[in-house]
Amino acid sequence: MAARPPRDQGSFDFGAPDRPDPVGPEVAPGAEADPSSSTAEEPEAAWAAPIVPLGRVVRVRPDEPGLDKLFDYAVPAALDDQVRVGSVVRIALAGRRVGGWVVADDVEPPHGVELQPLAKVTGWGPPPELLELADWAAWRWAGRPASVLRTATAGHAVRTLPRAPRPSVPPPAPVAPDEVHDLAAEALAAGVATVRLPPAADPYPVLVAAAALGPVLVVGPVASTVRRLGLRLRRAGQSVALMPDDWATARAGASSVFGTRAAAWAPVPRPAAIVVLDEHDESLQQEQAPTWHARDVLVERARRLGVPCVMVSPTPSLEALELGPLLTPSRAAERAGWPLVEAVDRRGAPPGEGLFSERLVLALRSDARVVCILNRKGRSRLTSCANCNEVATCERCQAAVVQAEEGALACLRCGTVRPVVCTHCGATRMKNLRAGVSRVREELEALAREPVAELTADSDLGAGGPGTRIVVGTEAALHQLDAADVVAFLDLDQELLAPRYRAAEEALGLLVRAARLVGGRTGGGRLLLQTRQPRHEVVQAAVMADPARVATAEADRRRELAYPPATAMAVVSGPSAPAWLEAFGTPSGVEVLGPADGRWLLRAPDHDTLCAAMATVARPPGRVRVEVDPLRL
DNA sequence: CGGACAAGCTGA
DNA sequence: CAGCTTGTCCGG
């Protein structure tokens, strides 16, 4: 099949409301926002120079996230040809030198202010459209543009750009007749759309379909995966920049750009299409405030460029489903891309045997590589006195203490460590109410009659020896391993019942990770889910290879409970949060809940309402954390 | 943000 | 009233 011709850009109807651009960043008094073309770079005619008393003046955003203001500087003649919108410069500000970005060119400086010259041009910075996108993101996630611009800027000075590759390279040939390629083509034509591909499916055909339009921007949560896909496209003859190393190549344009979360801010000037891989993955959201999400940044970026944005996920988030149509492969194809999932009903299990069903023991005693997942570290997450049955708690803060190692009880909240003595009756014997990974490892060894390795976020593979057939670990094991025959969730209920509003989506996300370790059912991949809720929609979704079961149930629940994405939320915390809320007041349309544990919860019908209200608040002195779209409440 | 400077507190 | 802390303002 011949490659699709590149389509006209700017021809999509995105249906998204044309949000009035938020009131731009505060502009210093007397200085109107950029009136003239920002990229005009024609040198002034020689005869004109003496007539204009003041030379070129640019507006600069200092790289000081605490300082949300723009300042104007004169461009020294010697630097004239190095300065453009986006350039990284150094400026004198209040007697010291700081970095900054040129955000507007040929500006009218305020009256009565003696301009300083730019101290230095450090090098290339983000293209102009990212400066505007940064302003938008600062509004959308109630943060500072400078903190976002840092993400969009190379980690080192970029003095010169490599020559952009010839744009005439033909797009890669699509891989045979391919269902995924066709889905992708349909999604690309839709503007913003989601393609649901099962865990074992190869997303490469999506990239090929997108690359037929021109250079693409591809962002996914896992560095190794994105990198591998980028290298494949490169091998197909395309020019590919891998972020963050190839920042300058990306900035030069005409290359496809691949990277993880931060690559949402890759400086590629005009991607022809944008692809977000594993859109549901939480690591696409920045943890520090502003807590921007790569998916939402990229959808907005595509909307502004008028190019398509395709999201790909085995289990699309409710957020993605609201953004555009969902395209799914045939039932047969989707089923083939999920492993065989076996729900092991533990309702009838005797208490002592809780974590080790017959099905699990069978798997352990086969020759399969088995990964057991239990999201509890240490020996025990809940300990009680063997004598009086009182639950062991911290004497200082009352939180449950854990048996970290022989002979000590440690509080995870305040860090207090005390000997194994019951504060209630003084007995020195404790029993585990819920075994942790270390304890379970010992029991698995006894069951399997061979060594079992332990794998958690702090213990890496070395601990149990690389050749071990059986591994037990927390969910970190799913990140660190790359293949297995069986993944067994020893206590899936812990995920299903987690007190977080996104628990169901998160649990299904874990099952997707596990599914990728074992591969599709045709290759013999198997998941074992030990649960007391075999009818739970997450379990059913995995068994039936039908993630819509979770999405549908969850969407209703969120609407009923007024949780995102049915609403827009933010959590405000930190020492100066009270002052922030004082200034925030009670704007109409925004519900203010709290404080609970020093945190306030803001809820509005949509982001426009929420963000517009938050944008009016001047930051009080001191530390405030505003987390928009919190993953946990 | 971080420096400058002004207004308040302490000690003899 | 010097010497120091705390607070508020401002930067081009």
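Chain naming here is simple, since letters A, B, ... match the order of the sequence lines and numbering starts at 1 in each.
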Classify the nucleic acid contact of A92(A) as base, sugar-phosphate or nothing, counting any heavy atom under 4.0 Å across all strands shown. sugar-phosphate
In whole angstroms, the gap separating P of dG12(C) from CG of L118(A) amounts to 13 Å
Residues passing the side chain to side chain contact (heavy atoms under 4.5 Å, CB included) test with R559(A), sequence neighbours excluded, are A555(A), D556(A), A566(A)
Here the distance between atom C1' of dG12(C) and atom CD1 of I91(A), to the nearest Å, is 8 Å
Next on the checklist: Using the ring centroid of each side chain, check whether W292(A) and W136(A) are separated by less than 6.0 Å.
Outcome noted: no
In short, side chain to side chain donor-acceptor pair (under 3.5 Å) pairs touching residues 576-594 of chain A with sequence neighbours left out are E591(A)-R603(A)
When rounded to whole Å, the CD to P distance for the pair Q116(A) and dG12(C) reads 5 Å
Rounded to whole Å, the NZ-P distance (K69(A) to dG12(C)) equals 10 Å
When rounded to whole Å, the CD to P distance for the pair E64(A) and dC9(C) reads 20 Å
Please report, to 0.1 Å, the donor-acceptor pairs under 3.5 Å made by any side chain of residues 609-618 of chain A, with sequence neighbours excluded.
from	atom 1	to	atom 2	distance (Å)
T609(A)	OG1	D606(A)	OD1	2.7
T616(A)	OG1	A613(A)	O	2.6

To the nearest angstrom, the CG-P distance between D72(A) and dG12(C) comes to 11 Å
Sorted by chain and number, sequence neighbours left out, side chain to side chain donor-acceptor pair (under 3.5 Å) with D245(A) holds for none
Rounded to whole Å, the CG-P distance (L67(A) to dG12(C)) equals 11 Å
V592(A) meets the side chain to side chain contact (heavy atoms under 4.5 Å, CB included) criterion, sequence neighbours left out, with L581(A), F584(A), W600(A), L602(A)
In the 5' to 3' direction, the nucleotides of DNA chain B bounding the stretch that comes under 4.0 Å of a heavy atom in chain A are dC1(B) to dG2(B)
To the nearest angstrom, the CG-C1' distance between L93(A) and dG12(C) comes to 8 Å
